[in-house]
Asks: 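Below: one structure in structure tokens.
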Amino acid sequence: MSKHQDIPLTPINTESSEKVRTGDWRTYIPVFDAEKCIKCYICWKYCPDAAIKVKDEESLPEWDLFHCKGCGICAEECPKDAIEMILEEVE
Ligand code: SF4
Ligand code: SF4
């Protein structure tokens, strides 16, 4: 039977995802159109990474791209199509 020493260290994390830049795993990035947003915060509620922040019920949602993994759930669930997933350019 294999032991952990037998497999490479990466991509296994040694820190909790709170500290790890999980945004580096992203292929697609959410692009937000504030003009379409009705502040329903459904995106915030569905994000599995808590990568969408809402200061208060008057504020527009904001994206924490350090942690957003680009899953696209926010874009899928937004009732106003205010979020579009775009292929992210890597420099
Ligand atoms: S789900 Fe869409 S409309 Fe609702 S707060 Fe998020 S971006 Fe705005
Ligand atoms: S793309 Fe996924 S991880 Fe990123 S903000 Fe939207 S729901 Fe959260």
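Note that the structure is a prediction, hence the values are computed from the model and not measured. Note that ligands are numbered from 1 as they come in the structure, with each ligand's atoms numbered from 1 the same way.
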Asks: Check each atom of ligand 1 against the heavy atoms of Phe32 and keep those under 4.0 Å away; list them by number with element.
Replies: 7 (S)
Asks: Check whether any side-chain heavy atom of Leu60 lies under 4.5 Å from a side-chain heavy atom of Lys39, and answer yes or no.
Replies: yes
Asks: For ligand 2, indicate whether the residue Trp63 contacts it via side chain, backbone, both or neither (heavy-atom separation under 4.0 Å).
Replies: side chain
Asks: Give a yes or no on whether a salt bridge exists between Glu62 and Lys55, defined as a side-chain N under 4.0 angstrom from a carboxylate O.
Replies: yes
Asks: In Å and rounded to the nearest 0.5 Å, what is the CH2 to CG distance from Trp25 to Asp49?
Replies: 8.0 Å
Asks: Measuring from Phe32:CZ to Cys78:SG, what's the distance to the nearest 0.5 Å?
Replies: 8.0 Å
Asks: Can you confirm whether Tyr28 is buried at OH, in the sense that more than 12 heavy atoms of other residues, nucleotides or ligands lie under 6.0 Å from that atom?
Replies: no
Asks: For Phe66, I'd like to know if atom CZ has over 12 heavy atoms of other residues, nucleotides or ligands within 6.0 Å.
Replies: yes
Asks: Taking everything shown except Glu76 itself, do over 12 heavy atoms lie less than 6.0 Å from its CD?
Replies: no
Asks: Quick one: pull up NE2 in His67 and CG in Asp24 and give me the separation to the nearest 0.5 Å.
Replies: 10.5 Å
Asks: Quick one: does ligand 2 sit under 4.0 Å from the side chain of Ile52, the backbone, both or neither, non-hydrogen atoms only?
Replies: side chain
Asks: Report yes if the side chains of Lys80 and Asp33 come closer than 4.5 Å at any heavy-atom pair, otherwise no.
Replies: no
Asks: What are the protein N/O/S atoms, named by residue and atom, that sit under 2.8 Å from atom 2 (Fe) of ligand 2?
Replies: Cys71 SG
Asks: So which protein N/O/S atoms does atom 4 (Fe) of ligand 1 have within less than 2.8 Å?
Replies: Cys40 SG
Asks: Within the 4.0 Å heavy-atom shell around Ile83, which atoms of ligand 1 are there?
Replies: 7 (S)
Asks: May I ask you to test the Cys74-Trp63 pair for a side-chain heavy-atom distance under 4.5 Å?
Replies: yes
Asks: Do the non-hydrogen side-chain atoms of Ile42 and Lys45 ever get within less than 4.5 Å of each other?
Replies: no
